[in-house]
Amino acid sequence: MSKRISILPEALTNKIAAGEVVERPASVIKELIENSLDAGATEVSIAITAGGRRKICVTDNGHGMSREDALLSFERHATSKISVDSDLENITTLGFRGEALPSIASVSRFSLATRETGSPEGTEIIIEGGKVRDVRACGMPTGTVISVEQIFFNLPARLKFLKSAETEAGHVGDVVARMAVSRPDVAFTCTSDDRELLRLQQSDLKRRLSQVVGRESVQHLYPIAGGGECATISGFISAPSLVRSGTESIYTYINGRFIRDKVVQHAVMQAYRSVIDRGRYPVVALFIELPPGEVDVNVHPTKHEVRFRRQSVVHDALQKAIEDVLSRSPWLPSPSATITVTKETTGQAYRERIAAAAQATLAMPPRERSFPEQSPVKGEVAAVTSSSRPSLCEPVAHFQTEAPQPQSTGYFSSLAVIGQFHSEYILCQADSELVIIDQHAASERVAYQRLKQQCQAGNIESQRLLFPETVELSFSEVAVAVKFNADLAGIGFELEPFGGTTVMVSAAPRIVARKNPLLLIRDILADLISFGTSAAFTEALDSLLSRIACHSVIRGAHLLDNRQIKELLQQMDQTDFAASCPHGRPVSHVVTLAELQKIFKRT
Ligand code: ADP
Ligand code: MG
């Protein structure tokens, strides 16, 4: 009989657990801050070197540990936070699995110094790759200092997956920001290579948010309060005018724990669905308090996911609480700001929300809002319908009126223009064919090809903004903005650091300079976060150019006059690949006379 199975040695099981808990420096910091908060700290400071790849140090003024506990804390499943089965149903601390310290210590050169309240001296423990090297007494204030050097030094496969120091520092900043929002009553400082990323005094939630999401953004946040017998909901949510292109500013907490949960996110997006465009996300800081038995946080070792006992009740309570604020539209200066809509699901409520959102859009400064200003189309361009439906909140860009182009005699300019349908499509005639042109796709293709040519010639036209604008970014976004600064300059953007996580945009590609370059830069940074490397920038250039093109042209319904239609058709003739937009959608569609006759049964 062969014996194939053996129990793995503890050092190896710790390394395996580390695979789940310790993904990168930011995840180490999350675990260490959780421990500090569980220990009742009122001050937590974080210092990293080389994005945390070289060194991470977290210092707190919590209750510390005795020597005996400190030694025990490195044992797997050693915790002071739960002790019997039933405790799992009633978790009130951030930690409870007793896995973080042994995991981190097994994949780094680790030291812990801690002094318990009332103890005359502290204890210092040095551990290397999970092995205790030294235990000694030390002098220190009450609290705990943990230092983690050379993470993954004994796990080369993991080390390879770490990104550049700036990227890792960005993730660390984001983690600290999330935890700082959860506990405004705790002071946090965070330094990266001796540069201060955050210095947050003890304060209230609103002030904390202004330090994390930016003072400018916080003016667009409104308090929320709601819930029912199963959950209490509080926090702040943004007006529809404050949106991001990613979910990074959706801060959601269950019983004080930052979570990324599909149910919660779905409820948020459902509430916002009719007031912000697809692909845009609000800024929210939502705190959901539930009896511990109503939620299971023991779903994943990182504890980012949760399971609700009554999922739909929580979902609906959250959605309703958000919709209550949105339907009141507290950002409106007009008397309609006092409308209270109670039955959210009624058509009336929905219509009022739409109306409120439209008003909010109208209340935006003119630069952000550019509805068509031309009078309805007259003369030979007979619009089939003259109704123009500006899309909500998203600025409807003006038709790109360029310097006169040389006359061309290609296919598109030879078409006889019939008119415009629904302010979105151009109808033309070519002999016995009806040609329908998607004006957005067409102008996007023209803009994209022009940008591409400029890019190949190395001279994308950049335009200095009359009034440079500042944009508040997440730490990850700042990290990519710094990393890709030269590349971004190559496509016309000039970005300068403006203190903290604020960046000043002083120039933008000329074709978007008068539109909304800030929204575009956010989209581009979100793309770059997913691309990662500089080599990928070149690979991704096409999609970035098509994004710029998309931002530069007609969106949604837009009335065009005859001159503008002719100009667009001419530009199409000077454009390669004019048959489809940069996303591959067709630009025009032909209906032949024969097809029409078939429809009308004339054949
Ligand atoms: P968990 O937090 O799940 O209990 P950890 O491995 O993170 O597991 O920590 C093990 C134990 O070490 C904790 O239960 C706690 O008692 C102690 N501990 C860890 N960090 C600190 C700290 N900063 N201050 C005081 N005690 C701590
Ligand atoms: Mg812990």
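Position 1 is the first residue of the sequence; numbering continues from there. Both backbone and side-chain heavy atoms feed into the values below; hydrogens, waters and symmetry mates do not.
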Open item on the list: Restricting to non-hydrogen atoms, name the atom on Val471 and the atom on Arg522 that form the minimum distance, rounded to 0.1 Å.
Closed with: CG2-NH2, 3.4 Å
Open item on the list: Working to the nearest 0.5 angstrom, can you tell me the gap between Gln211 CD and Arg208 CZ?
Closed with: 6.5 Å
- [ ] Assess the side chains of His551 and Asp523: does a donor N or O sit below 3.5 Å from an acceptor N or O?
- [x] yes
TODO: Might you work through the side-chain contact (heavy atoms from CB on, under 4.5 Å) test for Phe475 and Thr501, ending with a clear yes or no?
DONE: CA-CA 6 Å; Phe475 285 99; Thr501 50; 3.4 Å; yes
Task: Pairing of Glu168 and Arg24 as salt bridge, 4.0 angstrom limit - done: yes
TODO: Show your working on side-chain contact (heavy atoms from CB on, under 4.5 Å) between Glu424 and His558 and close with a plain yes or no.
DONE: CA-CA 6 Å; Glu424 281 175 281; His558 191 99; over 6 Å; no
Task: Polar contact flag, side-chain donor to acceptor under 3.5 angstrom, Gln571-Glu567 - done: no
Open item on the list: For a quick test of reading the model, state the closest non-hydrogen atom pair linking Tyr281 to Gly246 and the distance between them.
Closed with: CB-O, 3.3 Å
Open item on the list: Once rounded to the nearest 0.5 Å, what's the spacing between atom OH of Tyr425 and atom OG of Ser588?
Closed with: 12.5 Å
- [ ] Give a yes or no answer on whether the side chain of Ser27 reaches the backbone of Glu23 with a donor-acceptor pair at less than 3.5 Å.
- [x] yes
Task: Heavy-atom side-chain proximity of Tyr251 to Leu286 below 4.5 angstrom - done: no
TODO: Taking all non-hydrogen atoms of both residues into account, name the closest pair between Leu559 and Gln564 and its distance.
DONE: O-OE1, 4.1 Å
- [ ] Would you sort out whether Ile426 and Ile436 count as a side-chain contact (heavy atoms from CB on, under 4.5 Å), showing the intermediate values?
- [x] CA-CA 6 Å; Ile426 298 166; Ile436 306 164; over 6 Å; no
- [ ] Kindly say whether Ile259 contributes a backbone atom to a donor-acceptor pair with the side chain of Arg178 at under 3.5 angstrom?
- [x] no
Task: Distance (rounded to the nearest 0.5 Å) between Cys428 SG and Glu433 CD - done: 12.0 Å
Task: Interatomic spacing from CD in Glu496 to OG in Ser506 - rounded to 0.5 Å - done: 4.0 Å
Open item on the list: Just checking Arg215: does its CZ atom have more than 12 heavy atoms from other residues, nucleotides or ligands closer to it than 6.0 angstrom?
Closed with: no
Open item on the list: Does atom NZ (Lys598) have a neighbourhood of more than 12 heavy atoms from anything else shown, all under 6.0 Å?
Closed with: no
- [ ] May I ask you to check whether Ser462 and Glu494 show a side-chain donor-acceptor distance below 3.5 Å?
- [x] no
Open item on the list: As an exercise, state the distance from NE2 of His589 to CG of Leu434, rounded to the nearest 0.5 Å.
Closed with: 8.5 Å
- [ ] Check each of Ile491, Leu545, Ile460 against Gln454 using the side-chain contact (heavy atoms from CB on, under 4.5 Å) test, and report the only one that passes.
- [x] Ile460
Open item on the list: Any non-hydrogen side-chain atom of Thr252 less than 4.5 Å from a side-chain atom of Asp261?
Closed with: no
TODO: Could you tell me whether the side chain of Asp573 and the main chain of Phe412 form a donor-acceptor pair under 3.5 Å?
DONE: yes
Task: Val435 vs Val591 side-chain heavy atoms within contact, under 4.5 Å - done: no
Open item on the list: A side-chain contact here means heavy atoms from C-beta on lying under 4.5 Å apart; do Phe236 and Ile224 qualify?
Closed with: no
TODO: State, to 0.1 Å, how close Lys483 and Ser164 come at their nearest heavy-atom pair, and which atoms those are.
DONE: NZ-OG, 4.0 Å
Task: Any donor-acceptor N or O pair under 3.5 Å, side chains Ser217, Glu472 - done: yes
TODO: Given side-chain contact (heavy atoms from CB on, under 4.5 Å), test Leu318 with Val264 step by step and report yes or no.
DONE: CA-CA 8 Å; Leu318 184 57; Val264 171; 3.7 Å; yes
Task: Carboxylate-amine/guanidinium contact Arg273 Glu323, below 4.0 Å - done: yes
Task: Reported CG-to-CH2 distance for the pair Leu242 and Trp331, which is rounded to 0.5 angstrom - done: 11.0 Å
Open item on the list: Tell me if a side-chain donor or acceptor on Tyr448 pairs with a main-chain N or O of Arg547 at a distance below 3.5 Å.
Closed with: no
- [ ] Compare all side-chain heavy atoms of Val218 with those of Val212 and state whether any distance is below 4.5 angstrom.
- [x] no
Task: Ion pair Lys320/Asp316, N-O distance below 4.0 Å - done: no
Open item on the list: Please check: side-chain N/O of Glu477 versus main-chain N/O of Ser474, any donor-acceptor pairing under 3.5 Å?
Closed with: yes
Task: Side-chain heavy atoms of Ile524 within contact of Ile548, under 4.5 Å - done: yes
Task: Check: Gln449/Arg445 side-chain N/O donor and acceptor closer than 3.5 Å - done: yes
Task: Pairwise side-chain contact, Leu520 with Phe493, heavy-atom cut-off 4.5 Å (strictly under) - done: yes
Task: Taking every non-hydrogen atom, the tightest pair across Val268 and Pro282 - done: CG1-CG, 3.9 Å
Open item on the list: Quick one, Thr470 with Glu216, criterion side chain to side chain donor-acceptor pair (under 3.5 Å). Give me CA distance, side-chain angles, the key distance, then yes/no.
Closed with: CA-CA 9 Å; Thr470 54; Glu216 173 66 24; over 6 Å; no
Open item on the list: I need the minimum non-hydrogen distance between Ala508 and Leu465, along with the two atoms involved.
Closed with: CB-CD2, 4.2 Å
Open item on the list: Any non-hydrogen side-chain atom of Arg280 less than 4.5 Å from a side-chain atom of Ser245?
Closed with: yes
- [ ] Check the side chains of Gln420 and Gln439 for a donor-acceptor pair under 3.5 angstrom, ignoring hydrogens and angles.
- [x] yes
Task: N/O donor-acceptor pair under 3.5 Å between Ser192 side chain and Arg195 backbone - done: no
